[in-house]
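Shown next, in structure tokens, is the structure this report addresses.
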Amino acid sequence: MSRIAFRSKILHFNDDPAHTGAPGTIMAYDDGVLVVEDGRIAALGTPEEMADLTRHIKVQHVPDALIMPGFVDAHVHFPQVDMIASYGKHLLDWLDHYAFPAEIGLTRFPARARDTAAFFLDELLRNGTTSALVFATSHAHTVDALFNEALKRNLRLISGKVMMDVHAPDDLLDTAASSYAHSKALIKKWHGKGRLGYAVTPRFALTSTEEQLELAGRLLHEFPGVLLHTHLCENTDEIARATELFPKACDYLDVYKCAGLLTNRSVFAHGVHLSEDERTALASAKAALAHCPTSNLFLGSGLFDLAATQEAGITLGLGSDVGAGTSLSPFATMSEAYKVAQLRGHSLSPYDAFYLATLGGARALHIDRHVGNFIPGNEADFVVLDLAATPLLKRRLGHANTFEQMLFALMILADDRVVRQTWVAGKLAHDRDA
Ligand code: GUN
Ligand code: ZN
């Protein structure tokens with residue numbers, strides 16, 4: 001048995017603070033001890049409460065630090081790290097000019113797919129992200145590349161082959177039948193291997209025929225453990241095109257619903273322009289949304305209505321959506337989520353933001369039985385954040401009088417420099433100072 005313990009400020013959530021004020025929802029320790037045993041959370045409490053458990057080991061005391069669960073990126077595209085920050089287009093042109101060419105690039109050169117996957121995962125770890133729901137490309141070898149690299153790093157990660165049989169460059173197109181067959185083979189190969197999971201991944205309504213969407217629905221039916229991952233209501237031109245292509249559907253979400261893709265294991269990126277009916281349908285299906293604020297701002301897609309989403313009771317996580325998103329840092333995502341909410345007349349509290357970036361995302365991805373908070377028995381994915389990482393942050397936090405003020409300044413000011421260490425299943429996976 002291997003037991004390690006850390007003493008510092010500690011934060012995690014047992015539930016969604018936007019929906020319950022019950023005691024124990026927010027667990028914030030000014031001085032706490034986290035005990036990890038054989039890669040899992042063993043216990044958490046005050047130094048006095050943990051005295052017995054830590055009697056025979058050396059507790060690593062990290063003053064000026066905050067320990068919290070590893071972040072969860074609920075929507076990101078690994079092939080697009082190579083074209084992040086590409087200038088001047090809105091969604092549909094941006095896809096044609098930047099996203100599709102980047103994906104074609106990986107498709108032609110398997111070695112580049114492996115290299116990009118390795119770089120992408122190391123970047124996630126450097127930013128404190130320990131779990132993610134990830135788009136690959138429409139070619140199975142890019143999924144293999146990502147899962148192989150994730151397996152090496154023992155990450156709890158979910159991905160899938162993009163299904164896309166129409167309205168995209170030939171090099172990226174599959175067919176309904178081939179996308180079904182290749183997805184099925186990948187599910188059998190990867191789903192449940194190590195800490196990996198599979199998501200059936202039709203890109204979005206615009207690039208799939210009805211037949212392909214229906215076969216995606218069949219996969220969900222045949223493999224009840226896998227997720228559905230796609231885009232929804234991101235951009236007004238996209239929505240107009242979707243309803244044009246699928247005239248029988250009463251709205252964009254209905255395109256997916258008709259194909260059996262609106263389920264309690266579905267994760268939809270964006271949802272910037274949802275109708276009330278669509279929000280109600282998402283909530284009653286217990287489907288999840290990934291809010292991607294840096295992407296929505298960068299592409300000029302619109303301002304996500306966080307308050308309406310929370311009121312509807314929709315499961316919600318945060319996504320970087322790189323390469324349309326402008327940063328892999330969950331702090332950038334939280335900070336922009338705050339500003340988008342401000343423009344919508346709503347204030348995103350720091351507790352809500354850190355919840356969304358951890359347990360909220362884990363719930364959206366159905367991995368909250370394993371990660372997302374510090375319940376004993378959970379896999380020990382956590383970060384050690386350096387509260388004195390920059391002179392400004394150190395100075396500002398010196399003026400923070402409460403835990404909440406400290407968290408808020410952190411979510412606005414922090415970036416990858418703050419991530420001192422990232423631990424994956426109880427093992428050190430990134431050490432900033434190494
Ligand atoms: N909609 C369909 N594909 C994409 C993509 O790659 N990025 C974003 N942001 N939206 C999409
Ligand atoms: Zn996306």
Side-chain angles (χ1 to χ4, degrees), residues 73-86 88-107 116 120 132-139 142 146 158-169 172-174 179 199-208 212-213 216 227-242 245 252-253 255-256 261 266-274 288-302 304 317-328 333 336 340 361 364-365:
D73 190 337
H75 176 71
V76 59
H77 301 247
F78 98 80
Q80 296 179 10
V81 286
D82 290 335
M83 44 62 79
I84 186 173
S86 290
K89 304 285 182 199
H90 290 80
L91 175 65
L92 300 178
D93 288 327
W94 175 90
L95 285 171
D96 288 338
H97 280 87
Y98 305 123
F100 292 155
E103 293 175 26
I104 290 170
L106 292 206
T107 288
T116 305
F120 167 79
L133 175 58
V134 189
F135 261 68
T137 80
S138 44
H139 286 70
T142 64
L146 183 69
I158 305 169
S159 185
K161 181 203 114 58
V162 176
M163 303 170 79
M164 160 151 88
D165 65 345
V166 69
H167 304 139
L172 293 178
L173 289 182
D174 51 22
S179 70
V200 173
T201 310
R203 184 174 208 114
F204 66 157
L206 276 55
T207 49
S208 284
Q212 183 169 62
L213 294 181
L227 297 187
L228 180 279
H229 184 197
T230 190
H231 297 88
L232 171 69
C233 292
E234 176 178 2
N235 161 293
T236 49
D237 292 338
E238 171 212 15
I239 296 168
R241 189 89 180 103
L245 288 167
Y252 193 163
L253 181 60
V255 174
Y256 296 137
L261 302 180
S266 303
V267 184
F268 297 101
H270 305 295
V272 174
H273 304 282
L274 294 169
L289 280 179
H291 172 30
C292 307
T294 73
S295 164
N296 298 159
L297 293 170
F298 182 74
L299 292 179
S301 299
F304 181 77
L318 294 178
S320 68
D321 194 28
V322 162
T326 50
S327 174
L328 285 169
T333 307
E336 298 307 276
V340 168
L365 273 49

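Whatever order the structure lists them in is the order used to number ligands and atoms, beginning at 1.
- Residues Phe268 and Phe204 are not in side-chain contact: their nearest non-hydrogen atoms beyond the backbone lie 4.5 Å or more apart.
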Using a 3.5 Å cut-off on N/O to N/O, what pairs does ligand 1 make with the protein? A line per pair would be great.
from, atom 1, to, atom 2, distance (Å)
ligand 1, 3 (N), Arg203, NE, 2.8
ligand 1, 6 (O), Gln80, NE2, 2.9
ligand 1, 6 (O), Arg203, NH2, 2.7
ligand 1, 9 (N), Glu234, OE2, 2.9
ligand 1, 9 (N), Asp321, OD2, 2.7
ligand 1, 10 (N), Glu234, OE1, 2.7
ligand 1, 10 (N), Glu234, OE2, 3.4

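- Checked against Cys292 for a side-chain contact (heavy atoms from CB on, under 4.5 Å), the options Glu336, Glu234, His75 give a single hit: His75.
- A distance of 8.0 Å separates OG1 in Thr230 from CG in Leu261, rounded to the nearest 0.5 Å.
- Val255 has its side chain out of reach of Leu245: every pair of non-hydrogen atoms, C-beta onward, lies at least 4.5 Å apart.
- Here the side chains of Thr107 and Leu172 are in contact, with some heavy-atom distance below 4.5 Å.
- The set of protein atoms (N, O or S) found at less than 2.8 Å from the Zn ion (ligand 2) reads His75 NE2, His77 NE2, His231 NE2, Asp321 OD1, by chain and number.
- Considering all non-hydrogen atoms of both residues, Ser295 and His270 come closest at OG-CE1, 3.7 Å.
- When all heavy atoms of Tyr252 and His231 are compared, the pair lying nearest together is OH-O, 3.6 Å.
- The shortest distance between side-chain heavy atoms of His77 and Val322 does not fall below 4.5 Å.
- Residues Leu92 and Leu206 are in side-chain contact: their nearest non-hydrogen atoms beyond the backbone lie under 4.5 Å apart.
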